[in-house]
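Proteins come first, then strands; the chains are lettered A, B, ... in the order of their sequence lines, and each starts at number 1.
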Protein chains: 2
Amino acid sequence: MPYSSFASMPCTLSRPAALLGERWTLLLLRQIFLGTRRFEDFQATMDISRSVLTDRLNVLLQENVLKRVPYHEDGRTRHEYRLTEKGRDLYPVLMALRTWGEKWMAPEEEESFHLHHRDCGGDVRAKVECTECAAELTARDVQVTAKR
Amino acid sequence: MPYSSFASMPCTLSRPAALLGERWTLLLLRQIFLGTRRFEDFQATMDISRSVLTDRLNVLLQENVLKRVPYHEDGRTRHEYRLTEKGRDLYPVLMALRTWGEKWMAPEEEESFHLHHRDCGGDVRAKVECTECAAELTARDVQVTAKR
DNA sequence: GTAGCTGAGTTCGAAAATCGAACGCAAGGG
DNA sequence: CCCTTGCGTTCGATTTTCGAACTCAGCTAC
(Lines give C-alpha, C1' and ligand atoms only; values in the text may rest on other atoms or scores of the structure.)
Protein backbone atom coordinates (compact mmCIF):
# COMPACT_ATOMS: atom_id res chain seq x y z
CA MET A 1 0.00 0.00 0.00
CA PRO A 2 1.98 3.00 -1.20
CA TYR A 3 1.33 6.46 0.15
CA SER A 4 -0.60 7.45 -2.93
CA SER A 5 -3.21 4.77 -2.41
CA PHE A 6 -4.60 6.68 0.56
CA ALA A 7 -5.81 9.19 -1.97
CA SER A 8 -8.45 6.71 -3.08
CA MET A 9 -9.27 5.15 0.26
CA PRO A 10 -12.93 5.13 1.28
CA CYS A 11 -12.29 7.44 4.20
CA THR A 12 -13.13 11.12 4.25
CA LEU A 13 -10.26 11.78 6.59
CA SER A 14 -7.58 9.75 4.82
CA ARG A 15 -8.09 11.33 1.45
CA PRO A 16 -7.68 14.94 2.55
CA ALA A 17 -4.83 13.88 4.84
CA ALA A 18 -3.00 12.23 1.96
CA LEU A 19 -3.55 15.22 -0.30
CA LEU A 20 -2.50 17.91 2.18
CA GLY A 21 0.12 15.66 3.72
CA GLU A 22 2.36 15.97 0.69
CA ARG A 23 5.40 18.07 1.29
CA TRP A 24 4.86 21.78 0.54
CA THR A 25 1.11 21.54 0.02
CA LEU A 26 0.07 23.01 3.36
CA LEU A 27 2.67 25.75 3.13
CA LEU A 28 1.50 26.50 -0.38
CA LEU A 29 -2.08 26.84 0.82
CA ARG A 30 -0.98 29.17 3.59
CA GLN A 31 0.65 31.37 1.02
CA ILE A 32 -2.47 31.33 -1.14
CA PHE A 33 -4.71 32.34 1.76
CA LEU A 34 -2.27 35.17 2.43
CA GLY A 35 -2.87 36.40 -1.09
CA THR A 36 -0.08 34.97 -3.25
CA ARG A 37 -1.36 34.07 -6.69
CA ARG A 38 1.44 33.89 -9.18
CA PHE A 39 4.02 31.28 -9.95
CA GLU A 40 6.95 33.61 -9.52
CA ASP A 41 5.64 34.88 -6.21
CA PHE A 42 5.23 31.41 -4.78
CA GLN A 43 8.68 30.57 -5.94
CA ALA A 44 10.18 33.72 -4.44
CA THR A 45 8.39 33.71 -1.09
CA MET A 46 8.72 30.02 -0.33
CA ASP A 47 11.87 29.18 -2.24
CA ILE A 48 10.38 25.90 -3.39
CA SER A 49 11.97 24.28 -6.41
CA ARG A 50 10.19 25.21 -9.61
CA SER A 51 9.48 21.67 -10.68
CA VAL A 52 7.87 20.72 -7.38
CA LEU A 53 5.89 23.94 -7.39
CA THR A 54 4.57 23.06 -10.83
CA ASP A 55 3.63 19.61 -9.62
CA ARG A 56 1.84 20.78 -6.46
CA LEU A 57 -0.09 23.47 -8.30
CA ASN A 58 -1.18 20.90 -10.86
CA VAL A 59 -2.36 18.50 -8.20
CA LEU A 60 -4.39 21.25 -6.55
CA LEU A 61 -5.80 22.24 -9.93
CA GLN A 62 -6.74 18.66 -10.63
CA GLU A 63 -8.41 18.34 -7.24
CA ASN A 64 -10.29 21.50 -8.04
CA VAL A 65 -8.89 23.30 -5.01
CA LEU A 66 -7.36 25.94 -7.25
CA LYS A 67 -8.33 27.38 -10.61
CA ARG A 68 -6.31 29.34 -13.13
CA VAL A 69 -7.86 32.63 -14.06
CA PRO A 70 -6.57 34.97 -16.76
CA TYR A 71 -5.77 38.56 -15.96
CA HIS A 72 -4.17 41.48 -17.76
CA GLU A 73 -0.99 43.27 -16.92
CA ASP A 74 0.83 45.67 -19.22
CA GLY A 75 -1.58 44.64 -21.93
CA ARG A 76 -0.49 41.02 -21.65
CA THR A 77 -2.70 38.12 -20.74
CA ARG A 78 -1.37 36.00 -17.92
CA HIS A 79 -2.82 33.51 -15.50
CA GLU A 80 -3.02 33.43 -11.76
CA TYR A 81 -3.94 30.71 -9.32
CA ARG A 82 -6.97 31.33 -7.18
CA LEU A 83 -8.96 29.33 -4.68
CA THR A 84 -12.17 27.70 -5.80
CA GLU A 85 -15.05 27.37 -3.36
CA LYS A 86 -13.67 23.97 -2.47
CA GLY A 87 -10.33 25.60 -1.82
CA ARG A 88 -11.77 28.40 0.29
CA ASP A 89 -13.47 25.75 2.35
CA LEU A 90 -10.04 24.65 3.52
CA TYR A 91 -9.88 27.75 5.67
CA PRO A 92 -10.91 25.89 8.84
CA VAL A 93 -8.06 23.44 8.31
CA LEU A 94 -5.49 26.21 8.14
CA MET A 95 -7.07 28.01 11.06
CA ALA A 96 -7.05 24.83 13.12
CA LEU A 97 -3.33 24.54 12.44
CA ARG A 98 -2.81 28.13 13.46
CA THR A 99 -4.93 27.88 16.58
CA TRP A 100 -2.82 24.91 17.58
CA GLY A 101 0.39 26.72 16.68
CA GLU A 102 -0.60 29.74 18.75
CA LYS A 103 -1.16 27.57 21.76
CA TRP A 104 1.71 25.12 21.47
CA MET A 105 4.38 26.47 19.18
CA ALA A 106 4.60 30.17 19.98
CA PRO A 107 7.85 30.69 21.89
CA GLU A 108 6.95 34.00 23.52
CA GLU A 109 4.79 36.90 22.54
CA GLU A 110 5.90 36.21 19.02
CA GLU A 111 3.27 36.63 16.36
CA SER A 112 4.07 37.06 12.69
CA PHE A 113 0.67 38.47 11.85
CA HIS A 114 -2.57 38.99 13.66
CA LEU A 115 -6.02 37.87 12.60
CA HIS A 116 -9.24 39.40 13.73
CA HIS A 117 -12.90 39.41 12.86
CA ARG A 118 -13.50 42.25 10.44
CA ASP A 119 -16.83 43.17 12.04
CA CYS A 120 -16.15 43.12 15.76
CA GLY A 121 -12.36 42.90 16.03
CA GLY A 122 -12.43 39.66 18.04
CA ASP A 123 -9.87 36.89 17.83
CA VAL A 124 -10.19 33.98 15.46
CA ARG A 125 -10.22 30.42 16.66
CA ALA A 126 -10.91 26.99 15.18
CA LYS A 127 -13.02 24.56 17.15
CA VAL A 128 -15.03 21.39 16.88
CA GLU A 129 -18.67 21.51 17.73
CA CYS A 130 -21.81 19.41 17.80
CA THR A 131 -24.30 20.37 15.13
CA GLU A 132 -27.17 19.42 17.44
CA CYS A 133 -26.42 20.96 20.80
CA ALA A 134 -23.62 23.34 19.74
CA ALA A 135 -21.33 22.10 22.52
CA GLU A 136 -17.60 22.37 21.90
CA LEU A 137 -16.16 18.90 21.55
CA THR A 138 -12.84 17.20 22.24
CA ALA A 139 -11.80 13.74 21.10
CA ARG A 140 -13.24 12.28 24.31
CA ASP A 141 -16.70 13.63 23.61
CA VAL A 142 -16.89 11.95 20.26
CA GLN A 143 -17.94 8.39 19.63
CA VAL A 144 -16.64 6.53 16.60
CA THR A 145 -18.99 4.02 15.01
CA ALA A 146 -17.86 1.55 12.40
CA LYS A 147 -19.04 1.82 8.85
CA ARG A 148 -22.58 0.70 8.24
CA MET B 1 15.38 28.05 2.19
CA PRO B 2 14.90 24.31 2.49
CA TYR B 3 11.62 22.80 3.60
CA SER B 4 12.92 22.13 7.08
CA SER B 5 13.58 25.78 7.76
CA PHE B 6 9.85 26.43 7.96
CA ALA B 7 9.96 24.48 11.18
CA SER B 8 11.71 27.42 12.81
CA MET B 9 9.95 30.25 11.06
CA PRO B 10 8.37 32.91 13.27
CA CYS B 11 4.89 32.00 12.12
CA THR B 12 2.42 30.00 14.13
CA LEU B 13 0.88 28.65 10.96
CA SER B 14 4.08 27.74 9.11
CA ARG B 15 5.55 25.69 11.90
CA PRO B 16 2.60 23.35 12.37
CA ALA B 17 2.15 23.20 8.60
CA ALA B 18 5.76 22.12 8.11
CA LEU B 19 5.50 19.53 10.88
CA LEU B 20 2.22 17.97 9.78
CA GLY B 21 3.02 18.51 6.13
CA GLU B 22 5.61 15.76 6.15
CA ARG B 23 4.54 12.67 4.34
CA TRP B 24 2.73 10.14 6.56
CA THR B 25 2.42 12.41 9.57
CA LEU B 26 -1.25 13.29 9.12
CA LEU B 27 -2.15 9.71 8.33
CA LEU B 28 -0.22 8.59 11.36
CA LEU B 29 -2.14 10.99 13.55
CA ARG B 30 -5.42 9.78 12.12
CA GLN B 31 -4.47 6.27 13.10
CA ILE B 32 -3.52 7.39 16.59
CA PHE B 33 -6.82 9.17 17.12
CA LEU B 34 -8.53 5.98 15.99
CA GLY B 35 -6.76 4.14 18.78
CA THR B 36 -3.62 2.62 17.28
CA ARG B 37 -0.77 2.73 19.73
CA ARG B 38 1.85 0.17 18.88
CA PHE B 39 4.61 0.10 16.34
CA GLU B 40 3.50 -3.16 14.78
CA ASP B 41 -0.06 -1.95 14.49
CA PHE B 42 0.90 1.24 12.72
CA GLN B 43 3.07 -0.76 10.40
CA ALA B 44 0.34 -3.27 9.66
CA THR B 45 -2.60 -0.88 9.23
CA MET B 46 -0.80 1.76 7.18
CA ASP B 47 1.85 -0.33 5.48
CA ILE B 48 4.42 2.40 5.99
CA SER B 49 8.05 1.37 5.77
CA ARG B 50 9.49 0.61 9.20
CA SER B 51 12.32 3.09 8.97
CA VAL B 52 10.05 5.98 8.07
CA LEU B 53 7.63 4.98 10.79
CA THR B 54 10.48 5.08 13.30
CA ASP B 55 11.47 8.49 12.07
CA ARG B 56 7.97 10.00 12.19
CA LEU B 57 7.26 8.62 15.64
CA ASN B 58 10.54 10.09 16.86
CA VAL B 59 9.73 13.49 15.42
CA LEU B 60 6.35 13.47 17.13
CA LEU B 61 7.97 12.36 20.38
CA GLN B 62 10.49 15.15 20.11
CA GLU B 63 7.76 17.67 19.42
CA ASN B 64 5.98 16.35 22.47
CA VAL B 65 2.90 15.42 20.49
CA LEU B 66 3.31 11.79 21.51
CA LYS B 67 4.75 10.11 24.58
CA ARG B 68 5.89 6.57 25.16
CA VAL B 69 4.22 4.91 28.07
CA PRO B 70 5.09 1.47 29.46
CA TYR B 71 2.44 -1.18 29.78
CA HIS B 72 2.30 -4.86 30.62
CA GLU B 73 1.26 -7.73 28.45
CA ASP B 74 1.91 -11.38 29.22
CA GLY B 75 4.02 -10.20 32.13
CA ARG B 76 6.35 -8.31 29.80
CA THR B 77 6.99 -4.59 29.88
CA ARG B 78 6.47 -2.87 26.55
CA HIS B 79 5.87 0.65 25.38
CA GLU B 80 3.06 2.24 23.49
CA TYR B 81 2.70 5.62 21.81
CA ARG B 82 0.02 7.87 23.22
CA LEU B 83 -1.08 11.42 22.64
CA THR B 84 0.05 14.09 25.04
CA GLU B 85 -2.23 17.01 25.81
CA LYS B 86 -0.51 18.87 22.99
CA GLY B 87 -1.25 15.94 20.74
CA ARG B 88 -4.89 15.67 21.76
CA ASP B 89 -5.20 19.34 20.95
CA LEU B 90 -4.63 18.44 17.32
CA TYR B 91 -8.12 17.01 17.22
CA PRO B 92 -9.62 20.12 15.60
CA VAL B 93 -7.06 19.87 12.80
CA LEU B 94 -8.05 16.31 11.99
CA MET B 95 -11.74 17.13 12.32
CA ALA B 96 -11.33 20.11 9.99
CA LEU B 97 -9.82 17.77 7.44
CA ARG B 98 -12.65 15.36 7.86
CA THR B 99 -15.34 18.01 7.70
CA TRP B 100 -13.81 19.15 4.44
CA GLY B 101 -13.52 15.59 3.20
CA GLU B 102 -17.16 14.89 3.98
CA LYS B 103 -18.24 17.89 1.98
CA TRP B 104 -15.86 17.70 -0.97
CA MET B 105 -14.36 14.25 -1.26
CA ALA B 106 -17.19 11.86 -0.45
CA PRO B 107 -18.22 10.23 -3.74
CA GLU B 108 -21.65 9.03 -2.68
CA GLU B 109 -23.20 7.99 0.56
CA GLU B 110 -19.85 6.49 1.37
CA GLU B 111 -18.69 6.83 4.94
CA SER B 112 -15.99 4.69 6.46
CA PHE B 113 -17.02 5.48 10.00
CA HIS B 114 -19.44 7.80 11.67
CA LEU B 115 -18.73 10.28 14.43
CA HIS B 116 -21.26 11.63 16.85
CA HIS B 117 -21.41 13.52 20.09
CA ARG B 118 -21.46 11.01 22.92
CA ASP B 119 -23.98 13.02 24.93
CA CYS B 120 -26.60 14.05 22.42
CA GLY B 121 -25.84 11.98 19.33
CA GLY B 122 -25.39 15.02 17.09
CA ASP B 123 -22.96 15.28 14.20
CA VAL B 124 -19.45 16.58 14.60
CA ARG B 125 -18.17 19.52 12.62
CA ALA B 126 -15.10 21.76 12.64
CA LYS B 127 -15.59 25.48 12.27
CA VAL B 128 -13.88 28.81 12.72
CA GLU B 129 -15.40 31.28 15.10
CA CYS B 130 -14.87 34.71 16.60
CA THR B 131 -14.01 34.55 20.29
CA GLU B 132 -15.82 37.86 20.85
CA CYS B 133 -19.12 37.58 19.08
CA ALA B 134 -19.14 33.83 18.43
CA ALA B 135 -19.98 34.32 14.75
CA GLU B 136 -18.84 31.62 12.39
CA LEU B 137 -16.11 33.00 10.14
CA THR B 138 -14.84 32.41 6.63
CA ALA B 139 -11.63 33.74 5.13
CA ARG B 140 -13.50 36.84 3.96
CA ASP B 141 -14.58 37.77 7.47
CA VAL B 142 -11.04 37.77 8.76
CA GLN B 143 -8.61 40.67 8.53
CA VAL B 144 -4.89 40.01 8.46
CA THR B 145 -2.68 42.59 10.12
CA ALA B 146 1.08 42.61 9.72
CA LYS B 147 3.33 41.80 12.63
CA ARG B 148 3.68 44.56 15.16
C1' DG C 1 12.78 42.59 -37.73
C1' DT C 2 15.53 41.49 -34.12
C1' DA C 3 17.35 41.86 -29.71
C1' DG C 4 16.00 41.94 -24.96
C1' DC C 5 13.03 41.23 -21.04
C1' DT C 6 9.66 38.74 -18.20
C1' DG C 7 6.59 35.34 -16.42
C1' DA C 8 5.90 30.63 -16.48
C1' DG C 9 7.19 26.72 -16.90
C1' DT C 10 10.52 22.16 -18.47
C1' DT C 11 14.69 19.45 -18.32
C1' DC C 12 18.26 17.00 -16.19
C1' DG C 13 22.00 15.36 -13.17
C1' DA C 14 22.91 15.29 -8.16
C1' DA C 15 21.19 14.78 -3.50
C1' DA C 16 17.77 13.38 -0.20
C1' DA C 17 13.77 10.68 1.23
C1' DT C 18 11.36 6.43 0.94
C1' DC C 19 10.88 1.52 0.14
C1' DG C 20 11.15 -3.37 1.19
C1' DA C 21 13.50 -7.08 2.74
C1' DA C 22 16.74 -8.85 5.82
C1' DC C 23 19.00 -8.51 10.13
C1' DG C 24 19.54 -7.50 15.41
C1' DC C 25 18.09 -7.83 19.97
C1' DA C 26 15.95 -8.18 24.38
C1' DA C 27 12.34 -10.46 27.07
C1' DG C 28 9.80 -14.21 27.95
C1' DG C 29 8.03 -19.29 27.21
C1' DG C 30 8.50 -24.16 26.38
C1' DC D 1 18.78 -23.73 24.89
C1' DC D 2 15.79 -22.54 21.06
C1' DC D 3 11.57 -20.18 19.54
C1' DT D 4 8.48 -16.34 19.32
C1' DT D 5 7.18 -11.40 19.62
C1' DG D 6 7.59 -6.58 19.54
C1' DC D 7 10.42 -3.05 18.05
C1' DG D 8 13.50 -1.37 15.85
C1' DT D 9 18.15 -0.81 12.48
C1' DT D 10 20.64 -1.52 8.20
C1' DC D 11 21.27 -1.41 3.45
C1' DG D 12 20.78 -1.37 -1.56
C1' DA D 13 17.20 -0.06 -4.92
C1' DT D 14 13.67 3.25 -6.21
C1' DT D 15 11.24 7.65 -6.00
C1' DT D 16 11.15 12.62 -4.81
C1' DT D 17 13.18 16.74 -4.41
C1' DC D 18 16.72 20.09 -5.47
C1' DG D 19 18.98 23.68 -8.12
C1' DA D 20 20.69 25.45 -12.05
C1' DA D 21 20.20 25.91 -16.81
C1' DC D 22 17.23 25.92 -20.66
C1' DT D 23 12.83 26.90 -23.37
C1' DC D 24 9.11 29.51 -25.01
C1' DA D 25 5.62 32.99 -25.85
C1' DG D 26 4.38 37.67 -25.71
C1' DC D 27 5.47 42.05 -25.55
C1' DT D 28 8.93 46.59 -25.91
C1' DA D 29 12.58 49.14 -27.56
C1' DC D 30 15.64 50.10 -31.16
Side-chain angles (χ1 to χ4, degrees), chain A residues 1-9 14 17-29 31-32 35-63 66-82, chain B residues 1-7 14 17-29 31-32 35-63 66-82:
Chain A
M1 191 196 303
Y3 184 83
S4 56
S5 74
F6 283 91
S8 57
M9 220 178 183
S14 294
L19 173 63
L20 303 188
E22 285 287 356
R23 231 180 187 212
W24 292 110
T25 304
L26 280 172
L27 290 167
L28 186 51
L29 285 170
Q31 211 55 43
I32 291 170
T36 305
R37 284 171 188 169
R38 282 140 58 155
F39 191 93
E40 293 298 316
D41 294 337
F42 291 122
Q43 221 275 311
T45 55
M46 316 201 304
D47 203 21
I48 183 178
S49 85
R50 305 176 77 81
S51 45
V52 174
L53 177 55
T54 300
D55 178 74
R56 294 302 184 271
L57 287 171
N58 284 335
V59 169
L60 293 175
L61 284 174
Q62 223 162 355
E63 288 291 336
L66 298 181
K67 61 189 170 190
R68 298 183 75 208
V69 312
Y71 71 99
H72 287 274
E73 191 184 67
D74 315 331
R76 299 181 56 178
T77 298
R78 298 200 172 291
H79 294 270
E80 58 183 15
Y81 296 90
R82 307 199 56 147
Chain B
M1 193 195 305
Y3 184 82
S4 56
S5 74
F6 283 91
S14 295
L19 173 63
L20 303 189
E22 285 287 356
R23 230 180 188 212
W24 292 111
T25 304
L26 280 172
L27 291 167
L28 186 51
L29 285 170
Q31 212 54 45
I32 291 169
T36 305
R37 284 171 188 168
R38 281 140 58 154
F39 191 94
E40 293 299 316
D41 294 338
F42 291 122
Q43 221 275 311
T45 54
M46 315 201 305
D47 202 21
I48 182 177
S49 85
R50 304 175 79 81
S51 45
V52 174
L53 176 56
T54 300
D55 179 74
R56 293 301 183 271
L57 288 172
N58 284 335
V59 169
L60 293 176
L61 284 175
Q62 222 161 356
E63 287 291 336
L66 298 181
K67 60 188 171 194
R68 298 185 75 207
V69 311
Y71 71 98
H72 287 274
E73 192 183 68
D74 315 329
R76 298 181 56 178
T77 298
R78 299 202 171 289
H79 294 269
E80 59 183 16
Y81 296 89
R82 306 198 59 147

Side chain proximity check, Leu57(B) to Leu28(B), heavy atoms < 4.5 angstrom: yes
Atom-to-atom span, CZ of Arg23(A) to P of dT17(D) - whole angstrom: 7 Å
Whole-Å distance separating the CZ atom of Arg56(B) from the P atom of dG8(D): 15 Å
Spacing between Ile48(B) atom CD1 and dA21(C) atom C1', to the nearest angstrom: 16 Å
Side-chain touch Ile32(A)/Phe42(A), heavy atoms, less than 4.5 angstrom: yes
Any Arg50(B) side-chain nitrogen or oxygen under 4.0 Å from OP1 or OP2 of dG6(D): no
Flag for Arg38(A)-Tyr71(A): side-chain donor and acceptor within less than 3.5 Å: yes
Test item: Arg50(B) side-chain N/O and Phe39(B) main-chain N/O as donor-acceptor pair under 3.5 Å: no
Residue whose nearest DNA chain C nucleotide is more 5′ - Glu22(B) or Arg78(A): Arg78(A)
Phosphate OP1/OP2 of dG7(C) contacted by Tyr81(A) side-chain N/O (<4.0 Å): no
Interatomic distance where CD belongs to Gln43(A) and P belongs to dA8(C) [whole Å]: 11 Å
Minimum-distance nucleotide (side-chain atoms of Arg76(B) versus dA27(C), dC7(D), dC19(C)): dA27(C)
Of Arg38(A) and Ser49(B), the one whose closest DNA chain C nucleotide lies more 5': Arg38(A)
Presence of Tyr3(B) side-chain N/O under 4.0 Å of dA15(C) phosphate oxygens OP1/OP2: no
Selection from dT18(C), dT10(D), dC18(D) that lies nearest to any side-chain heavy atom of Val52(B): dT18(C)
Euclidean distance, atom CZ of residue Phe6(A) to atom C1' of dC19(C) [Å, nearest integer]: 14 Å
Contact under 4.0 Å: Arg68(B) side-chain N or O vs dG8(D) OP1/OP2: yes
Atom-pair distance (CZ on Arg37(B); P on dC7(D)), nearest Å: 13 Å
Between C1' of dC25(C) and CZ of Phe39(B), the distance in whole Å: 14 Å
Rounded distance in Å - CG (Asp55(A)) to C1' (dC12(C)): 16 Å
Close side-chain approach of Tyr81(B) to Leu61(B), heavy-atom, < 4.5 Å: yes
Candidates dC18(D), dG9(C), dC7(D) - which lies nearest the side chain of Glu40(B): dC7(D)
